[in-house]
Amino acid sequence: MTATGTGTGTADAAPRVAPTGVQTPTRTAAGRPRHLYEIDVLRILTFACVLGVHTTSHTMASDDIGLAGLLSLLHFTRLVFFTLTAFVLVYSYTIRPKPMSVFWPKRFLLVGVPYLAWSFVYVASAWLLDSGQRGDVPALVTTYAEGIVTGTAKYHLYFLLVTMQVYLLLPAIMWVVRRTRRHHVTLLVVAFVVQLGIFACYKYFPSTDAWMHGYQKQFFFSYVFFIISGAIAADHADGFLGFIRKYRRAIMWSFAGGALLTVVVFAIHLLAGNSPYAAGTPLQPIEVVWSTIVFVAFLAIGAAWADKRVPGSRLAKAVDYASDRSFGIFLSHPLVIWLLLYGDSWLEGLVPKPWLTLVTYVLVVVLAVAITEVFRWTPLSVPLTGRPSLSSRKARAARAAKRQAAVA
């Protein structure tokens, strides 16, 4: 994540700027905002686990308790994703505020357009393969419209639907952060308790959310604590990132303890008669605790990397590359899973379970990276990867270099 500019628009929105010559977690010694490489690592780890969730859920046997337990540990992804979204959004806006008339179009271009494009890709693909609907254009249009409104064109696209809700709510989020600045701890505690209550209702009292007709995950209020905690962490970015560096060892021990606790809860649900999948369902109270720990732990790992990063090294370039392509990989990976496992899959016939999960994951990563790389060099890069085309960027850079050479 890169944040540029130092203006803030309002006094109470302004981050604390360290004196020139003093480097902080968010600013260079020259006082300029620094690229938060720790966020790059957090993003990569989260998206890698998203691929793990979807690959595992499509390849595991229904009675495989081991993989179901792994799935319960990986279900933090959506919650960490929304915490990350709120953090990046508020931090970037604080560093470089813009009128919503400028902010919204740019954000929706890079998320809304891919949402529309990939919704069509997945709906049209299913329509073409369905002999009962193929050729029925009204059915295609209706299914596409429903998919856009509900975020159900493919199982992962609700992430983007909720993200766009958060974008729309940014003025309200910023207002809450500023108005409660002296009471952020209280706000976090209240939001945490509310989140536990929401997930408890979803898990143990399903009649309370029957009015949502199964669309619980598509609404922003299902993630209220994670949105608020990400926003507050961004408002205290220097202190928060400093805390993570100072207590890294304790954080990693908490990570191990949180994983153990999540597995114990999974086992208790199994003993209570839940199916392996139901025992590890993502919208349950333990995931509030576990996902919060994972967010902090992944950021601590990212901070360790950022502090030791050698600019220009192969590893630094690899991390930069993975961060840049991660969103495109996220968008396309269900298509790869579908193609690999469609019908009488050759892969399922060749690789036995549970090894099928590992092999499929590796293939999904390789093929999704390849697809994203191809898209990044085409005019369709924005709708298919959420990033500007590399060919156009390269062309612009070449023209700029040519102009500079001509002036010289």
Side-chain angles (χ1 to χ4, degrees), residues 41-85 154-160 162 195 199 202-203 216-217 222-223 225-226 230 251-252 254-270 274-302 322 326-327 329-334 336-338 340-341 353-365 368:
V41 173
L42 170 60
R43 181 183 294 111
I44 293 167
L45 292 175
T46 301
F47 280 125
C49 291
V50 169
L51 270 63
V53 169
H54 297 151
T55 300
T56 302
S57 61
H58 279 83
T59 58
M60 61 180 281
S62 59
D63 60 349
D64 191 325
I65 295 177
L67 284 179
L70 172 64
L71 201 57
S72 71
L73 287 173
L74 292 176
H75 274 317
F76 64 80
T77 52
R78 71 184 69 185
L79 307 178
V80 170
F81 181 90
F82 295 130
T83 309
L84 172 62
T85 296
K154 200 63 176 176
Y155 49 76
H156 69 316
L157 291 177
Y158 76 92
F159 275 63
L160 306 190
V162 176
Q195 189 70 66
F199 275 16
Y202 288 170
K203 173 65 177 178
Q216 295 90 337
K217 65 184 181 182
S222 290
Y223 315 103
F225 169 72
F226 301 98
I251 288 170
M252 299 315 297
S254 297
F255 179 77
L260 178 60
L261 177 62
T262 303
V263 171
V264 168
V265 171
F266 171 77
I268 291 173
H269 283 147
L270 282 178
N274 285 270
S275 68
Y277 180 82
T281 186
L283 301 183
Q284 60 172 310
I286 186 58
E287 291 296 338
V288 180
V289 178
W290 172 230
S291 301
T292 302
I293 293 173
V294 171
F295 176 79
V296 176
F298 278 9
L299 203 51
I301 294 171
S326 60
F327 187 48
I329 294 168
F330 166 77
L331 291 167
S332 64
H333 81 274
V336 177
I337 294 174
W338 185 28
L340 288 173
L341 302 177
K353 296 180 179 180
W355 297 108
L356 177 63
T357 298
L358 177 60
V359 173
T360 303
Y361 181 83
V362 173
L363 289 175
V364 168
V365 171

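Keep in mind that what you see is a predicted model, and the values were worked out from it rather than measured.
The ring of W290 has its center closer than 6.0 angstrom to the ring center of F255. In this structure, F330 has its ring center closer than 6.0 angstrom to the ring center of F159.
Between K203 and A278 the shortest heavy-atom distance is NZ-O, 2.6 Å. Across P334 and Y155, no two heavy atoms sit closer than the pair CB-OH, 3.4 Å. Counting all heavy atoms, side chain and backbone alike, A297 lies closest to I251 at CA-CG2, 3.6 Å. Nearest heavy atoms, I44 versus A322: CD1-CB, 3.6 Å.
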Inset, instruction - For the pair H333 and V365, evaluate side chain to side chain contact (heavy atoms under 4.5 Å, CB included) and give the outcome as yes or no after the intermediate values. - result: CA-CA 8 Å; H333 81 274; V365 171; over 6 Å; no
Inset, instruction - Test H58 against L340 for side chain to side chain contact (heavy atoms under 4.5 Å, CB included), laying out the working first. - result: CA-CA 11 Å; H58 279 83; L340 288 173; over 6 Å; no
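Considering OG1 of T55 and CD1 of I337, their distance stands at 4.0 Å, rounded to 0.5 Å. To the nearest 0.5 Å, atom CG of residue D63 and atom OG of residue S275 are 11.5 Å apart. Rounding to the nearest 0.5 Å places CZ of R43 at 6.0 Å from CG of L84. To the nearest 0.5 Å, atom CD1 of residue I286 and atom CG of residue L261 are 3.5 Å apart. Here the CG-OH distance, from L67 to Y277, works out to 14.0 Å after rounding to the nearest 0.5 Å. One distance of note links CG of L45 with CG of L299; it measures 10.5 Å at 0.5 Å rounding.
The side chain to side chain contact (heavy atoms under 4.5 Å, CB included) test with M252 singles out one residue from I293, I301, V296, and that residue is I301.
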Review item, side-chain donor-acceptor pairs of residues 68-82, under 3.5 Å, at least two apart:
{"unit_1": "S72", "atom_1": "OG", "unit_2": "G69", "atom_2": "O", "d": "2.5"}
{"unit_1": "R78", "atom_1": "NE", "unit_2": "Y158", "atom_2": "OH", "d": "3.1"}
{"unit_1": "R78", "atom_1": "NH1", "unit_2": "Y158", "atom_2": "OH", "d": "3.4"}

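Take T59 and apply the side chain to side chain donor-acceptor pair (under 3.5 Å) test, not counting sequence neighbours, and it matches T357. For the side chain to side chain donor-acceptor pair (under 3.5 Å) test, no residue two or more places apart in sequence or in another chain qualifies with T46.
In summary, the side chains of H156 and H54 do not present any donor paired with an acceptor at a separation below 3.5 Å, with no hydrogens or angles considered. Of the N and O atoms on the side chains of Y202 and S222, at least one donor lies less than 3.5 Å from an acceptor on the other residue.
With contacts defined as side-chain heavy-atom distances shorter than 4.5 Å, the pair I65/F266 qualifies. The closest side-chain heavy-atom distance from M60 to L356 is not below 4.5 Å. Side-chain contact between L160 and L331 is present, with at least one heavy-atom pair separated by less than 4.5 Å.
Other residues, nucleotides and ligands contribute over 12 non-hydrogen atoms within 6.0 Å of the CG atom of L341.
Checking side-chain atoms of Y223 against main-chain N and O of Q195 turns up no donor-acceptor pair under 3.5 Å.
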